[in-house]
K.L.:
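The structure that follows is given in the form of structure tokens.
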Amino acid sequence: MRYWLMKSEPSEVSIDDAWSAPKRTVAWTGVRNYQARNFMRDTMQVGDGVLFYHSSCAEPGIVGLAEVASTAYPDHTQFEPDSHYYDPKATQETPRWMMVDVRIKKKTRLLSLAEMRTMPELSGMVLLQRGSRLSITPVTADEWNFICKQLA
DNA sequence: GCCAACGTTGGC
DNA sequence: GCCAACGTTGGC
């Protein structure tokens, strides 16, 4: 059982979008970074805990709790020429980009990035490290438990 | 819109 | 393999 923080731009897929999706589940399309892809492909398991994070918006921060709902499979948007996420070097035979399904379990209050930065318990979070831009980052059990307490 | 930080590309 | 140039992320 592992834990993750996954960023989504609310203008693309917000927590409300995911909440109202069938089975409260969305396919995590659009990851185009190898490290983030490798986390999904190599390390994520069904049932892993997910902190749903809003990025590139007025109030960035954690807005919900979710879980990994599938193993990794090819992200179909890489094959779609009209998609913003199209990758001409990817083929059906040798897909380059993978994704998992994510199921929302609970909408929470906003735990903002600014607030997280004030919490010593979270100072080691990958998310908060200088220059960290990864859209999917691992979260320790201690960080997960502490954050769940803040959100309760 | 700015810009720091990081990732990718491609010539050599 | 090096590294300069360019592109992207994402907070502010």
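Being a predicted model, the structure only gives us computed values, none of them experimental. Per chain, numbering begins at 1; letters A, B, ... match sequence-line order.
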K.L.:
Mark up nucleotides 4-12 of chain C, 5' to 3', with B wherever a protein heavy atom is under 4.0 angstrom from a base atom, S wherever such an atom reaches only the sugar-phosphate, and - elsewhere.
P.N.:
---BBBBSS
K.L.:
May I have all residue pairs that pass side-chain hydrogen bond (donor to acceptor under 3.5 Å, both in side chains) and include part of residues 44-66 of chain A, sequence neighbours excluded?
P.N.:
Trp4(A)-Asp48(A)
K.L.:
In a table with atom names and distances, give each donor-acceptor pair under 3.5 Å that connects a side chain of residues 145-152 of chain A to protein atoms at least two apart or in another chain.
P.N.:
residue	atom	partner	partner atom	Å
Asn145(A)	ND2	Ala141(A)	O	3.1

K.L.:
Could you name each residue pair satisfying ring pair (Phe, Tyr, Trp, His ring centres under 6.0 Å) that touches residues 90-117 of chain A, not counting sequence neighbours?
P.N.:
Tyr34(A)-Trp97(A)
K.L.:
Residues two or more places apart in sequence or in another chain: which of them pass salt bridge (Lys or Arg N to Asp or Glu O under 4.0 Å) with Lys106(A)?
P.N.:
none
K.L.:
List, by chain and then residue number, the residues other than Val46(A) in its hydrophobic cluster (Ile/Leu/Val/Met/Phe/Trp/Tyr, side-chain heavy atoms under 4.5 Å); write none if there are no others.
P.N.:
none
